[in-house]
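Indexing begins at 1, ligand by ligand and atom by atom, following the structure's order.
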Amino acid sequence: MTGSVRETWGSRAGFLLAAVGSAIGLGNIWRFPGEAYESGGGAFLIPWMVAILTAGIPLLILEYTIGHRSRKSGPSAFRSMSKNAEGIGWWQVAVAILLATFYASILAWAVSYTFFSVTASWGDEPGAYFTEFLNVSGEVYQFGEFNWGIFGALAGVWVVSLVIMAGGVRKGVELANKVCIPLLVVLFGALVVRAVTLPGALDGLNTFFTPDWNALGDYQVWVAAYGQVFFSLSIGMGTMIAYASYLRKKSELTMTATTAGLANASFELLAGIGVFAALGFMAYNSGGPVIDEQNPIVGGGLAFVTFPTILNEMPGTELFGFLFFGSLVVAGVSSLISMLIVPLASFQDRFGWDRKKTVLVIGIPMALVSLAVYPTRNGPMILDAVDQAVTPYGLVMAGLASIIAAFASGKIGRLASDANRYSILKLGAWWYAFLGITAVVLVYILLFNLVPDQIDWYLNPKEGNTLSPDQVLITWSVGAASILFGLVMGVVMRNKPVPQTDEDLENAEEEASA
Ligand code: PHE
């Protein structure tokens with residue numbers, strides 16, 4: 001790498017599309033409506049909006065500035081803030097590997113269901129069909145029995161994403177997003193138009209939009225909202241640090257981050273509208289309530305059971321099934337590649353490897369691990385356990401760590417002035433204040449809610465707990481392993497300098513003379 005010029009995005013729009021493509025994913029189409037459903041519909045909307053404005057967008061801006069200023073990804077970017085902070089980048093690399101390996105497998109389910117849509121092969125009992133499809137063994141540790149259909153779809157997902165990654169920033173990531181986003185808007189837009197014109201849709205929308213002021217006092221709703229915002233905006237994992245590191249020097253940052261944040265939120269609302277309209281239609285047909293507390297939608301239920309049930313009841317089952325599952329795949333691929341960039345770009349920048357080498361040495365082994373673990377009969381149980389680790393012990397905690405590092409290194413002011421040079425929205429006291437408040441809220445959430453909940457699941461297994469005690473142990477193990485990896489790498493790499501490119505040297509000179 002030494003001597004070469006860092007790749008950049010083809011245009012400002014190219015970067016923005018990639019940022020939006022990362023943010024819009026399963027988190028919007030599936031996770032958001034599910035969280036809103038569990039929190040009772042309208043109760044979720046206000047905490048969600050507050051979390052976007054006060055935590056989501058300020059953190060997005062922080063990640064943009066870290067990546068843009070250092071023009072490095074992950075560990076090298078944190079190291080340029082402070083030698084003590086490099087471990088945060090490695091921790092995020094581990095989290096990205098955990099997330100990407102299971103996210104890909106959910107995409108593989110969606111790929112399979114896109115094919116099933118052609119003949120609506122889930123039949124009259126989508127619930128039973130899905131159970132048979134996953135064929136879960138019930139034994140968390142019983143590895144090795146593969147579900148070859150899912151295996152094949154997953155292999156396809158990995159081939160496509162690694163080919164995109166091998167293409168680099170412009171000819172890989174940017175191009176893929178230029179295809180995915182317009183396609184997604186068309187597919188999903190058609191679906192939402194259909195959903196809101198179904199009978200009963202209005203009842204569903206009322207449930208979604210009627211705020212429940214009492215619920216604002218329920219901390220669980222707030223915890224869910226913060227988790228959702230981190231996941232959906234792709235923050236806390238270094239994704240945006242990596243993407244922003246490929247920006248040119250004279251780049252607008254703050255308005256771009258705000259635009260990406262709001263675009264993601266709009267798409268999330270659109271998905272909420274589509275899904276709740278469809279739930280209203282289902283309630284209209286059955287005569288039941290839109291949110292049936294007796295019948296919580298958990299895990300894969302919303303996308304792979306509830307949706308096919310609704311599709312069965314409407315004309316054009318096959319077409320709309322294809323649009324829905326196709327949307328999941330398209331939205332998910334552009335998010336998956338933004339997870340892959342974290343380990344790939346980190347190794348490239350920190351060790352001076354070239355792109356081909358990182359795809360071979362890091363990307364392919366990730367694909368193999370994903371293929372070995374998730375398309376098995378116990379895979380979905382591991383998936384649930386790892387999923388529960390990624391948001392709290394990954395995105396939220398590492399996001400918190402990056403705020404602390406930015407303040408503690410004393411570089412936060414420099415990040416702000418760097419951003420302010422070419423940005424429309426100027427960073428000032430408000431930005432520091434939101435980051436500070438977010439840090440306090442996150443500490444509170446972690447110490448008093450997320451961690452105690454999981455301890456309780458472990459100690460008092462009962463029906464309705466999201467995880468079994470065996471699964472909680474996996475959650476903790478992978479969470480702890482990712483943090484440990486960060487710590488160890490932080491120490492091991494401490495005295496090893498980051499390989500410098502000619503461009504870096506120029507930058508350093510410019511900075512010294514400024
Ligand atoms: N934001 C993506 C989604 O909504 C998930 C994601 C999280 C992507 C973290 C990158 C980093 O599906």
Participant: Any non-hydrogen atom of Phe230 lying under 4.0 Å from ligand 1?
Facilitator: no
Participant: If the cut-off is 4.0 Å to any non-hydrogen atom of Ser338, which atoms of ligand 1 fall inside it?
Facilitator: 8 (C), 10 (C)
Participant: Give me the ring orientation class for Phe130 and Phe304: parallel if the planes are under 30° apart, tilted from 30 to 60°, perpendicular past 60°.
Facilitator: parallel
Participant: With a 4.5 Å heavy-atom cut-off, do Trp122 and Leu311 have their side chains touching?
Facilitator: yes
Participant: As an exercise, identify every atom of ligand 1 less than 4.0 angstrom from a heavy atom of Gly27.
Facilitator: 3 (C), 4 (O), 12 (O)
Participant: Within the 4.0 Å heavy-atom shell around Tyr103, which atoms of ligand 1 are there?
Facilitator: 3 (C), 12 (O)
Participant: Hey, are the side chains of Val223 and Tyr226 touching, using non-hydrogen atoms and a 4.5 Å cut-off?
Facilitator: no
Participant: Which ligand 1 atoms are under 4.0 Å away from a heavy-atom of Ala23?
Facilitator: 1 (N), 2 (C), 3 (C), 4 (O)
Participant: Could you find the nearest protein heavy atom to atom 7 (C) of ligand 1 and give me its residue, atom name and distance?
Facilitator: Phe231 O, 3.3 Å
Participant: Would you check if the distance from the ring center of Trp222 to the ring center of Phe44 is below 6.0 Å?
Facilitator: no
Participant: So if I count the atoms of ligand 1 from 1 in the order they appear, which ones are less than 4.0 Å from some heavy atom of Ser232?
Facilitator: 1 (N), 4 (O)
Participant: Kindly confirm or rule out an N or O of Met339 lying under 3.5 angstrom from an N or O of ligand 1.
Facilitator: no
Participant: Taking the side chain as every heavy atom from C-beta outward, state whether Val329 and Tyr113 have any atom pair closer than 4.5 Å.
Facilitator: no
Participant: Give me the residue, atom name and distance of the protein heavy atom closest to atom 2 (C) of ligand 1.
Facilitator: Ser22 O, 3.3 Å
Participant: Using a distance-only test with no angle check, is there a side-chain donor-acceptor pair under 3.5 angstrom linking Glu268 and Trp48?
Facilitator: yes
Participant: So if I count the atoms of ligand 1 from 1 in the order they appear, which ones are less than 4.0 Å from some heavy atom of Thr239?
Facilitator: 10 (C), 11 (C)
Participant: Applying salt bridge (charged side-chain N to carboxylate O under 4.0 Å, His left out) to Asp349 and Arg6, what does each step give before you reach the verdict?
Facilitator: CA-CA 10 Å; Asp349 289 343; Arg6 192 176 188 75; 2.9 Å; yes
Participant: Taking 4.0 angstrom as the limit and counting only heavy atoms of Ser234, give me the atoms of ligand 1 inside it, by number and element.
Facilitator: 1 (N), 2 (C), 6 (C), 7 (C), 8 (C), 9 (C), 10 (C), 11 (C)
Participant: Parallel, tilted or perpendicular for Phe231 and Tyr103, by the 30°/60° rule?
Facilitator: tilted
